[in-house]
Amino acid sequence: MGNDAQTQDAAASVDFEEVQSTERFQELRKRHRSFVFPMAIAFLLWYFAYVLLADYAVEFMSTKVWGNINVGLILGLLQFVSTFAITGWYVSYSNRKLDPIAAEIRNEIEGHEFDKHGNSVSGPAK
């Protein structure tokens, strides 16, 4: 605790409201929302469609496809597949479209250069 008390907190001197009002931060928020909101809506529609089909289309959902495998089981497993697919898609999107802007903003706030893993590669920016 003794050493931590002496360390200056760089974030304490940052005006985060000012950072949030910058054009780069607004672009970051726009890109994030343009992916997350439509994908969340699409997934929720897919999820509720499955629930409604399971509740009100029992005959359809119990239609045998192969052996004891029915439509309901396949659609239920596709819920898991779609969740992992969306996660992978978001990670890819974030790495390409969000992380570079976030790194720029972080660099401006902290005043340091970072490599692709977030490790400091030099002293304070000039």
Side-chain angles (χ1 to χ4, degrees):
M1 187 197 255
N3 204 17
D4 291 338
Q6 296 173 357
T7 305
Q8 180 182 2
D9 186 11
S13 64
V14 176
D15 182 1
F16 288 104
E17 290 180 4
E18 182 180 326
V19 173
Q20 290 176 1
S21 67
T22 63
E23 188 175 318
R24 293 302 288 163
F25 190 84
Q26 295 301 320
E27 176 66 20
L28 179 64
R29 285 179 60 174
K30 180 181 175 188
R31 287 184 183 192
H32 179 261
R33 289 177 176 177
S34 71
F35 183 91
V36 171
F37 288 140
M39 195 55 57
I41 290 167
F43 183 79
L44 285 173
L45 289 173
W46 159 232
Y47 173 76
F48 286 121
Y50 174 74
V51 170
L52 291 172
L53 284 171
D55 197 29
Y56 296 108
V58 177
E59 284 187 36
F60 169 71
M61 295 294 270
S62 61
T63 302
K64 300 277 186 191
V65 175
W66 180 70
N68 287 330
I69 309 295
N70 61 27
V71 173
L73 181 61
I74 292 171
L75 292 179
L77 291 174
L78 285 175
Q79 291 283 316
F80 290 101
V81 172
S82 64
T83 300
F84 287 110
I86 290 169
T87 302
W89 191 9
Y90 177 75
V91 168
S92 173
Y93 178 82
S94 179
N95 287 338
R96 288 182 291 109
K97 302 284 186 175
L98 303 178
D99 291 349
I101 297 174
E104 288 177 17
I105 294 170
R106 186 176 89 181
N107 184 34
E108 291 172 11
I109 291 172
E110 295 178 351
H112 293 82
E113 294 291 329
F114 295 90
D115 65 11
K116 66 181 181 178
H117 302 292
N119 301 318
S120 182
V121 294
S122 66
K126 296 170 177 115

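Side chains are part of it too, since the values below use all heavy atoms of this structure and drop only hydrogens, waters and symmetry mates. Remember, it's a predicted structure, so these values are computed and weren't measured experimentally.
Residue Asn68 qualifies as open at atom CG: its count of foreign heavy atoms under 6.0 Å is 12 or below.
In terms of hydrophobic clustering, with Ile, Leu, Val, Met, Phe, Trp and Tyr side chains grouped at heavy-atom distances under 4.5 Å, Leu52 and Val71 are assigned to different clusters. In the hydrophobic clustering of ILVMFWY residues, with side-chain heavy atoms under 4.5 Å counting as a link, Val58 and Val65 come out apart. Both Leu78 and Trp66 are part of a single hydrophobic cluster, where members link through side-chain heavy atoms under 4.5 Å apart. Cluster annotation: Phe43 and Val51 are assigned to the same hydrophobic cluster (Ile/Leu/Val/Met/Phe/Trp/Tyr, side-chain heavy-atom contacts under 4.5 Å, transitive).
Side-chain contact between Trp89 and Met39 is present, with heavy atoms from C-beta onward closer than 4.5 Å. Inter-residue side-chain proximity for Trp46 and Thr83 is flagged as unmet; no heavy-atom pair is nearer than 4.5 Å.
Between Tyr47 and Gln79, the shortest heavy-atom contact is CD1-OE1, 3.5 Å. Shortest non-hydrogen contact noted between Met61 and Asn70 is O-CG, 3.4 Å. Shown here for Glu27 and Ile101, the closest heavy-atom pair between the two residues is CG-CD1, 3.9 Å. Taking all atoms of both residues into account, the shortest heavy-atom contact from Tyr50 to Gly76 is CE1-N, 3.4 Å. Shown here for Glu18 and Ser21, the closest heavy-atom pair between the two residues is O-OG, 2.7 Å. The heavy-atom pair separating Leu98 from His32 by the smallest distance is CD2-N, 3.6 Å.
Annotation: the span from Leu77 atom CG to Leu73 atom CG amounts to 4.5 Å, rounded to 0.5 Å. Taking CG of Leu75 as the start and CG of Leu53 as the end, the distance is 7.0 Å to the nearest 0.5 Å.
Judged as a salt bridge (Lys or Arg N to Asp or Glu O under 4.0 Å), and not counting sequence neighbours, Arg29 has no contacts.
Ring geometry for Tyr93 versus Tyr90: interplanar angle of 30 to 60°, hence tilted.
The backbone N or O of Val91 lies less than 3.5 Å from no partner atom in the side chain of Ser94, so there is not a single donor-acceptor pair.
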